[in-house]
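Residue numbering restarts at 1 for every chain, and letters A, B, ... go by the order of the sequence lines. Note that this is a predicted model, so its numbers are computed, not measured.
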Amino acid sequence: MTLKNYFDSENYKTNFELTRATLPGQDVTWLSALREKSISKFAQMGLPGPKVEEWKYSNLNVLNSTSYETTNENCDSDEQTDKLLDQANIENINGSKVVFVDGYYSDKLSNIRSHNGVSLISLRELLKTNPGNAEKFFKTTPDENSLRNLNVAFMTDGFVLDIDDNVKLAEPIQVVHISTKSSDTKALRQNNYIRIGARASTQIIESFIGPDHINSWSHNVSKVVVEEKASLEVYQFQLEGDETIHMNECVVETATDAHFRHYSLNVGGKLSRTEVKPTLSGRHGQVELRGAFLGRNGNSHDVFTHMKHMVPQCNSDQIYRGVLDRGGKSAFQGKVLVAKDAQLTNADQSNKNLLLDRNAEANSKPELLIYADDVKCSHGATVGELDQEALFYMKSRGLETSAAKALMVEAFVAEVYQEIELGPVKEKYLSVARQWLEGKD
Amino acid sequence: MLEIKNLHVDVDGKEILKGLNLNIGPGEVHAIMGPNGAGKSTLAYAICGKEGYEITKGSVTFKGKDFLELEANERAGEGVFLGFQYPVEIPGVSNVNFLRAALNSIRKYRGEDEIAAVEFLKLIRAKAAELKMDPEMLKRAVNVGFSGGEKKRNEMIQMAMLDPIFSVLDETDSGLDIDALRIVADGINRMRGDSRSILVITHYQRLLDYVVPDFVHVLSDGKIVKSGDKSLAIRLEKDGYASVGIDESAA
């Protein structure tokens, strides 16, 4: 596989030279060295082009015309941020809230509640107070993933959540990433780390939100470790503005008897890329991925999952639904690896797409690499239109065409979220989907 | 109530109805019988406004209104209900939500307020009990996984909830055992009244033992070829379509 450089990566290198002194932790030796190595490696590799299989459906040419310098810290919350926070808000959720504005932790907007055995801190704060502690979250050698290198080279902040063994958090933790008008033509790069100790459990609700007409690049990388018998549920809402580039990579490792669940909903962005990469490395691990993407008018949603079954007796299950209206585009790529010794694996995957207009595109590419012989793996991918017979049936009962379509599409999307036990979160998913549907003329 | 004059309907460029005339007055129950391929379902769809059923000539007037100008949902708003031969499955949409949305759409069309949630639930429970339907079925997705009989019973509860003044029942009796047939017939009879009319489309006379029609028409090759009272249905059952001069094999 050859990596094709789209454009002069020296751009980023120049950016780096100009901003490195202002990046957090510039006086932390290991970090400056890592940033340096990362930008060099990125400059060598460049951005992945269409010849890279994993990126064949996402045309990163859209990044070409903008320099995407690092955002500046935007300390003032104003009407705009309040409004965005309000839009991302989920009623009746009362746990800790961590808010980032343009890629920087906002102490003013956040509300971190102290809890025994739970450490929740912004990466920037950790680099100030205990940089040695942050080091263990990063590899000392540059990554083989060029975008991850770019992220590490420029990251301005992030959150670090460490939950001790046996701690079960009753209230979900909310994380909101806001981009403001000031982030136009700039990049927000955050790096997060989550560790759930043995037999511990928590839920994280993460929202990404920004105004329309802002060409910013919101780039998040999260590393997640779910220890033995621990449980983590992540609920993501991607509500970015219509011109925003959104990238979010979540790399997960689960231990024996661990349980990881990841929900997502993509509705915003010019180009959104959601990557979820769980590695099941302990027996009886269980991973469920659920997501929907709704696109129209220039939205391009790309969901990439890579499920790695490394040991026997684990279960994974993926359900993704896409709804594409006029001018919307999507790609689902679901890679499943079952290693040679991972016998008695159960791995299921389903991606169904609904096209509401002839001028819409959905791509679906399951990829199963199975090296064990005693496994149960399934995958299904469909692209279709609304059932005309059902539409007439509903109209004959008095429903207007638009209402009949909305009811059917809502049902199609709701399937993804039906198992959510957290009522307010489930309702938020459905109401965001409903709003998207109503936005249709 | 319903006046159909010289109706010609094309489906996929092929003429199915070839000059059909039918008048249905208030309080009347009409039955249309006829061999397969005569155009019975086409008539039902044309009355109710299904896309793809192209009216090339003639008129359909409902309570003095030109019906052909209206969308299918507007016709429902005017008080027309179509009972489907093959009720459609709608995954993920519960019967309750579907019926509430339908009822409120019709109310909106008529300029009425939405029904209160409590009132709606009372109504639907009462109708389910009348039709001996398990209330649990109302929570399930519309027709998904329903047996043939359950689907037809579901049509009946929809009809009862939407309370039409004119119902077209397209082979509602097909595929039913005798118990289900009785329940469906009972549902239809509940809809009878001085100001309501019903058009029953059926291949067999069986249903008409329970839903006794005022008029029976025989449809053949896109036209009504014979009309009479209920005795016509009995004659057809006994002696076949040939007895009224129809060569069934040609249809």
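A:A390 touches chain B through backbone and side chain together, each having a heavy atom under 4.5 Å away. With a 4.5 angstrom heavy-atom cutoff, B:I90 touches chain A only via side-chain atoms. For B:P164, no part lies under 4.5 angstrom from a heavy atom of chain A. Contact of A:E415 with chain B is not made at all, since no heavy-atom distance falls under 4.5 Å. Residue contact with chain A, scored on non-hydrogen atoms closer than 4.5 Å, is absent for B:N104.
Looking only at heavy-atom pairs under 4.5 Å with chain A, the residue among B:A72, B:S94, B:G92 that has the most is B:A72. Heavy-atom pairs under 4.5 Å with chain A were tallied for B:V142, B:V93, B:L99; the largest tally goes to B:V93. Contacts with chain B were tallied for A:Q418, A:M394, A:M408; A:M394 has the most, counting heavy-atom pairs under 4.5 Å. Of the residues considered (B:A102, B:P91, B:G77), B:A102 shows the highest number of contacts with chain A, using heavy-atom pairs under 4.5 Å. In terms of heavy-atom pairs under 4.5 Å with chain A, the best-connected choice from B:E155, B:K108, B:R75, B:E89 is B:E155. Per-residue counts of heavy-atom pairs under 4.5 Å with chain A were compared for B:Y86, B:Y109, B:F84; the largest is that of B:F84. Taking chain A as the reference chain and counting heavy-atom pairs below 4.5 Å, the highest number among B:E51, B:E74, B:E71 is found for B:E71.
At least one donor-acceptor pair under 3.5 Å links the side chain of A:R296 to the backbone N or O of A:W436. Between the B:D12 side chain and the B:K14 main chain, no donor and acceptor come within less than 3.5 Å of each other.
The existence of a salt bridge linking A:E389 and B:K50 is confirmed by a sub-4.0 Å separation between a basic side-chain nitrogen and an acidic carboxylate oxygen. A salt bridge is defined here as a Lys NZ or Arg NE, NH1 or NH2 lying under 4.0 Å from an Asp or Glu carboxylate O, and A:E288 with A:R290 fails to meet this definition.
Between A:H306 and A:F304, the ring-plane angle classifies as perpendicular under the 30° and 60° cut-offs. Between A:F392 and B:Y45, the two ring planes are perpendicular [angle over 60°; tilted spans 30° to 60°]. Using cut-offs of 30° and 60° for the angle between ring planes, the A:Y393 and B:F98 rings count as parallel. Between A:H246 and A:F208, the ring planes are perpendicular. Angles over 60° get that label, and only those under 30° would be called parallel.
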